[in-house]
Visitor: 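Encoded as structure tokens, here's the structure I'll be asking about.
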2 protein chains.
Amino acid sequence: MLTRKEKEVMDITGKDKICDNLCSLTEKVESVREKMVSSEKLLELSELFKVLGDHTRIRILYALFQSELCVCDLSEILGMTQSAISHQLRVLRSAKVVKYRREGKKVYYNLDDAHIFSLLDIGMIHVNE
Amino acid sequence: MLTRKEKEVMDITGKDKICDNLCSLTEKVESVREKMVSSEKLLELSELFKVLGDHTRIRILYALFQSELCVCDLSEILGMTQSAISHQLRVLRSAKVVKYRREGKKVYYNLDDAHIFSLLDIGMIHVNE
DNA sequence: TTAACATATGAACATATGCTCACACGTAAA
DNA sequence: TTTACGTGTGAGCATATGTTCATATGTTAA
């Protein structure tokens, strides 16, 4: 895409391309464009990673990786207020990253499925290199 | 962790715990706390996911999944300015998610390693359910 | 060297995000 | 029903983030 200034320059010079390789390699660019997953799907994917991309939420998930826990436990383990934890659990719930069950006054949380485990594992491997 | 108000209440009432289960299940909480990965490692992990957690960057990565591309190609494929793409590529470079090579005036980008492919794959599976 | 091209980057701006505070909601025991 | 407990949530604030604009840097050809 062109900036406003670039467009003005192109209007003046009469050029119709951004950079030289677009002439010879339009096929390559077109090929990639065709094989691109829909922007909506990629938006969903980025939303998933965005949910995982927070220190507090990752710590919550790693704690839940060890054991089912209630909000109060998580508050104690992470050393954060119940409110802060609860707000983040809401984000994790909305993204279907955790599931929960009520037992009396308490609400116990778990990781939602095996994919979450895999993502955490592979991510950790990458980080540890 | 306790809010300021909760602490005041506890000072007045003489309580020393947040919620009842902390008495009987301190072992559980302690066990999870011990097995928690270091907060620094989890911070690194969250930084990685944060980098993946943006629509523009995910689209860049999916384009690079198809083929090695220069900044100009990416600009054309995503329909965004060269500047915006370049700024995001810097983020991806810093996080070691992409690598690059210069060829004349152009700089070609690639995904850094197989882990990135795996993360994108598994994430996509989760999203598609 | 000069000109043109491809890319990188700093500043500024608007928007998004995470935590705190205060309080509402839901449950169970008195 | 009233009370206490555990959890959920809206508003407000400070900080973080993504894009644009203008310009700098690096490379090649004339």
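Just so it is clear: chains get the letters A, B, ... in the order the sequence lines come, proteins before strands, and each one is counted from 1. Basis for what follows: all heavy atoms, side chains included, without hydrogens, waters or symmetry-related copies.
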Visitor: Would you call the rings of A:F117 and A:F65 parallel, tilted or perpendicular, taking 30° and 60° as the class edges?
Guide: tilted

Visitor: With a 3.5 Å cut-off and heavy atoms only, can you find an N or O donor on one side and an acceptor on the other between the side chain of B:S86 and the base of C:dT9?
Guide: no

Visitor: Within residues 42-58 of chain B, find the residues that approach DNA chain D with a heavy atom at under 4.0 Å, and present them sorted by residue number.
Guide: B:K50, B:D54, B:T56, B:R57

Visitor: In whole Å, what is the span from the CD1 atom of A:I85 to the P atom of D:dG6?
Guide: 16 Å

Visitor: What is the distance from atom CG of B:L64 to atom NZ of B:K99, rounded to the nearest 0.5 Å?
Guide: 11.5 Å

Visitor: Does C:dA8 have its OP1 or OP2 closer than 4.0 Å to a side-chain nitrogen or oxygen of B:Y109?
Guide: yes

Visitor: Take atom NZ of A:K106 and atom C1' of C:dT27, then tell me their distance rounded to the nearest Å.
Guide: 12 Å

Visitor: For A:G104 and for B:A84, find the nucleotide of DNA chain C with the closest heavy atom, then tell me which residue's nucleotide is more 5'.
Guide: B:A84

Visitor: What is the distance from CD1 of B:I60 to C1' of D:dT19, rounded to the nearest Å?
Guide: 13 Å

Visitor: Check whether any side-chain N or O of A:T3 sits under 4.0 Å from OP1 or OP2 of D:dT20, and answer yes or no.
Guide: no

Visitor: Are any non-hydrogen side-chain atoms of B:Y62 and A:K41 less than 4.5 angstrom apart?
Guide: no

Visitor: Once rounded to the nearest 0.5 Å, what's the spacing between atom CG of B:D121 and atom OG of B:S118?
Guide: 6.5 Å

Visitor: Considering the options A:L69, A:I60, A:V71, which one meets the side-chain contact (heavy atoms from CB on, under 4.5 Å) requirement together with A:Y109?
Guide: A:V71

Visitor: What is the distance from CZ of B:R101 to C1' of D:dG26, rounded to the nearest Å?
Guide: 17 Å

Visitor: Is there a side-chain contact between B:L74 and B:Q88 in this structure, where contact means two heavy atoms from C-beta onward sitting under 4.5 Å apart?
Guide: no

Visitor: Expected output is a numbered-order residue list: members of residues 88-100 of chain B with a heavy atom under 4.0 Å from any atom of DNA chain C. What is it?
Guide: B:R90, B:R93

Visitor: Looking at B:K96, I want to see if its NZ is surrounded by more than 12 non-hydrogen atoms of other residues, nucleotides or ligands under 6.0 Å.
Guide: no

Visitor: Can you say whether a donor on the side chain of A:S83 sits under 3.5 Å from an acceptor on the base of D:dT7, or the other way round?
Guide: no

Visitor: Just how far, in rounded Å, is P of C:dT7 from CG of B:L74?
Guide: 9 Å

Visitor: Does any donor-acceptor pair link the side chain of B:Q82 with the base of C:dA8 at a separation under 3.5 Å?
Guide: yes

Visitor: B:K105 has an atom NZ; how far is it from atom C1' of D:dA29, in whole Å?
Guide: 7 Å

Visitor: Please determine whether a side-chain nitrogen of the Lys or Arg among B:E68 and B:R101 lies less than 4.0 Å from a carboxylate oxygen of the Asp or Glu.
Guide: yes

Visitor: To the nearest 0.5 Å, tell me how far B:S39 OG sits from A:I58 CD1.
Guide: 11.5 Å

Visitor: Between C:dT7 and B:H87, counting only base atoms on the nucleotide and side-chain atoms on the residue, is there a donor-acceptor pair under 3.5 Å?
Guide: no

